[in-house]
Amino acid sequence: MKTQKLLLVHGGPGLDDSYFYPFLNKLKFSFDMHSYTIGEMSHECSFEALIQELEHKIDDLDNSDLYLLGHSFGAALILSQNKKTIGKVKHIFLSNWIYDSAWIDEYFKNFPEERNKKVMTLKEGFISRIDQYFVDSCIGKHVLDKIQYRDTLFSKISPIFSNLDLKSKVKTFSKKITSISSDGDKITSQKYIDEICRTLEIPNNYIKNAGHFPFVEQSENFCEIILKTSRALQE
């Protein structure tokens with residue numbers, strides 16, 4: 001019987017958890033896997049409500065062997081939790097993650113044409129930027145097409161990106177964090193993630209030939225990082 005639990009917290013906001021599967025299925029042999037769609041249980045569209053929603057999810061899974069995997073915006077929700085909630089968690093994996101607003105400043109510097117780009121829907125926006133999210137755009141389109149998008153949630157929550165600052169929270173939780181980044185990510189760059197990891201001595205695992213969704217393009221390598229780290233923590 002598996003005693004380890006892994007809660008997957010997807011990115012966005014305005015996406016769902018479908019893009020984790022089947023790419024993380026290998027982890028099911030070692031973890032009791034859980035995921036949810038951000039905002040599905042919230043009665044209001046606010047960042048604070050999403051933080052509280054995740055807190056309730058963690059409370060429901062209260063377990064000494066509870067791991068979290070936060071991808072992109074999902075990492076910001078994890079880092080925004082209070083010490084008591086994170087105290088229930090054994091370890092945190094953050095993939096291609098954000099911790100302050102510098103990522104979006106860097107993004108617009110690299111892609112100035114994106115600052116005033118007009119798209120009709122959230123899905124259209126993701127598809128139009130597919131080469132920034134994936135090394136392999138064919139795989140990327142297949143993944144992005146499956147997602148159920150929530151445009152209203154995105155429009156309400158995304159303004160936080162311009163003033164986000166969770167560096168103090170990262171420092172507080174740093175001993176519980178393992179970072180994962182990738183060479184082809186044009187959203188949260190290697191430089192951006194390296195900076196915080198180097199400053200706070202957070203182990204950062206670098207995956208080659210992958211973009212912003214490394215568990216999609218390099219599933220085996222990604223899962224092995226999770227498994228190897230969890231095995232070491234169990235010893």
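Any value given below was found using the heavy atoms of this structure, including those in side chains, with hydrogens, waters and symmetry copies removed. Quick note: residue numbers are just sequence positions, from 1.
Aromatic pair H34/Y36: ring centres not closer than 6.0 Å.
Considering only residues two or more places apart in sequence or on other chains, K191 meets the salt bridge (charged side-chain N to carboxylate O under 4.0 Å, His left out) condition with none of them. Residues passing the side-chain contact (heavy atoms from CB on, under 4.5 Å) test with D145 are K123, I127, K141, sequence neighbours excluded. Residues passing the salt bridge (charged side-chain N to carboxylate O under 4.0 Å, His left out) test with R150: none are found, sequence neighbours excluded. Shown here are the salt bridge (charged side-chain N to carboxylate O under 4.0 Å, His left out) partners of D165, two or more places apart in sequence or in another chain: K167.
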Go through F134 and L144 one step at a time and tell me if the side chain to side chain contact (heavy atoms under 4.5 Å, CB included) criterion holds.
CA-CA 10 Å; F134 292 90; L144 295 182; 4.0 Å; yes

Between Y99 and E195, does the side chain to side chain contact (heavy atoms under 4.5 Å, CB included) criterion hold? Intermediate values first, please.
CA-CA 11 Å; Y99 56 85; E195 182 178 347; 4.2 Å; yes

S18 vs I147, test: side chain to side chain contact (heavy atoms under 4.5 Å, CB included). Steps then yes/no.
CA-CA 6 Å; S18 63; I147 294 172; 3.7 Å; yes

Side chain to side chain contact (heavy atoms under 4.5 Å, CB included) evaluation trace for L233 with K90
CA-CA 9 Å; L233 290 169; K90 187 175 186 69; 4.0 Å; yes

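The neighbour count for E113 CD, taken as heavy atoms of other residues, nucleotides or ligands under 6.0 Å away, is above 12. Annotation for N116: atom CG does not count as buried by contact number, only 12 or fewer foreign heavy atoms lying within 6.0 Å. Atom NZ of K117 sits in a crowded spot, with more than 12 heavy atoms from other residues, nucleotides or ligands closer than 6.0 Å. Atom CD of E114 has more than 12 heavy atoms from other residues, nucleotides or ligands within 6.0 Å. In K171, the NZ atom is not crowded: 12 or fewer heavy atoms of neighbouring residues, nucleotides or ligands sit closer than 6.0 Å. For K156, the NZ atom is loosely surrounded, since the number of other residues' heavy atoms within 6.0 Å does not exceed 12.
Between the side chain of S162 and the backbone N or O of P159 there is at least one donor-acceptor pair closer than 3.5 Å. Within the 3.5 Å criterion, the main-chain N or O of I38 finds a donor-acceptor partner in the side chain of H10. The backbone N or O of G211 sits less than 3.5 Å from a side-chain atom of E217, completing a donor-acceptor pair. With hydrogens and angles ignored, the 3.5 Å screen pairs a side-chain donor or acceptor of K169 with a backbone N or O of S80.
The shortest side-chain heavy-atom distance between F73 and I160 falls under the 4.5 Å cut-off. Side-chain contact between L15 and Y149: present, with at least one pair of heavy atoms (C-beta onward) separated by less than 4.5 Å. Looking only at side-chain heavy atoms (C-beta outward), L6 and L24 stay at 4.5 Å or farther from each other. L8 is not listed as a side-chain neighbour of D17, based on a closest heavy-atom distance of 4.5 Å or more.
Contact detail for Y21 and S35: the closest heavy-atom pair is OH-OG, 2.8 Å. The two residues D151 and L122 come nearest to each other via the heavy atoms OD2-N, 2.7 Å. Closest of all the heavy-atom pairs between W97 and S179 is NE1-OG, 2.8 Å. Here the shortest heavy-atom pairing between H212 and N96 reads CE1-O, 3.4 Å. Contact detail for P13 and F154: the closest heavy-atom pair is O-CD1, 3.0 Å. Counting all heavy atoms, side chain and backbone alike, N204 lies closest to Q190 at ND2-NE2, 3.5 Å.
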Please report, to 0.1 Å, the donor-acceptor pairs under 3.5 Å made by any side chain of residues 44-54, with sequence neighbours excluded.
| residue | atom | partner | partner atom | Å |
| --- | --- | --- | --- | --- |
| E44 | OE1 | S46 | OG | 3.1 |
| S46 | OG | A49 | N | 3.0 |
| E53 | OE1 | G39 | N | 2.8 |
| E53 | OE2 | G39 | N | 3.3 |
| E53 | OE2 | E40 | N | 3.2 |
| E53 | OE2 | M41 | N | 2.8 |

Could you go through residues 220-229 and list every donor-acceptor pair under 3.5 Å that involves a side-chain atom there, pairing it with any protein atom two or more places apart or in another chain?
| residue | atom | partner | partner atom | Å |
| --- | --- | --- | --- | --- |
| E220 | OE1 | K26 | NZ | 3.0 |
| E224 | OE2 | R231 | NH2 | 2.9 |
| T229 | OG1 | I225 | O | 2.8 |

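L166 CG to I98 CD1: the interatomic distance, rounded to the nearest 0.5 Å, is 8.0 Å. I86 contributes atom CD1, which lies 7.0 Å from atom NZ of K176 (distance to the nearest 0.5 angstrom). To the nearest 0.5 angstrom, D65 atom CG is 4.5 Å from Q234 atom CD. A distance of 7.5 Å separates CG of L94 from CD1 of I202, quoted to the nearest 0.5 Å. Atom CD1 of I196 sits about 8.5 Å away from atom CD1 of I177, to the nearest 0.5 Å. Rounded to the nearest 0.5 Å, atoms OH (Y192) and CD1 (I187) are 12.5 Å apart.
Ring orientation note: the planes of Y19 and F215 are close to parallel, at an angle under 30° on the 30°/60° scale. Note on ring orientation: taking the six-membered ring where Trp is involved, the planes of F126 and Y133 are parallel (angle under 30°, cut-offs 30° and 60°). Taking the six-membered ring where the residue is Trp, W103 and Y107 present tilted rings, their angle falling between 30° and 60°.
Hydrophobic cluster membership differs between V135 and I139, with clusters built from Ile, Leu, Val, Met, Phe, Trp and Tyr side chains linked at under 4.5 angstrom. Cluster annotation: V119 is not connected to F111 through the hydrophobic network of ILVMFWY side chains, with a link wherever side-chain heavy atoms come within less than 4.5 Å. Residues L27 and F20 are members of one and the same hydrophobic cluster, defined by side-chain heavy-atom contacts under 4.5 angstrom among Ile, Leu, Val, Met, Phe, Trp and Tyr.
For the residue pair Q4/Y67, the side-chain donor-acceptor check at 3.5 Å is satisfied. Side chains of D16 and T37: a donor-acceptor N/O pair is absent below 3.5 angstrom, by distance only. Side-chain polar atoms of D185 and S182 form no donor-acceptor pair below 3.5 angstrom. Donor-acceptor pairing under 3.5 Å is lacking for the side chains of N205 and T178.
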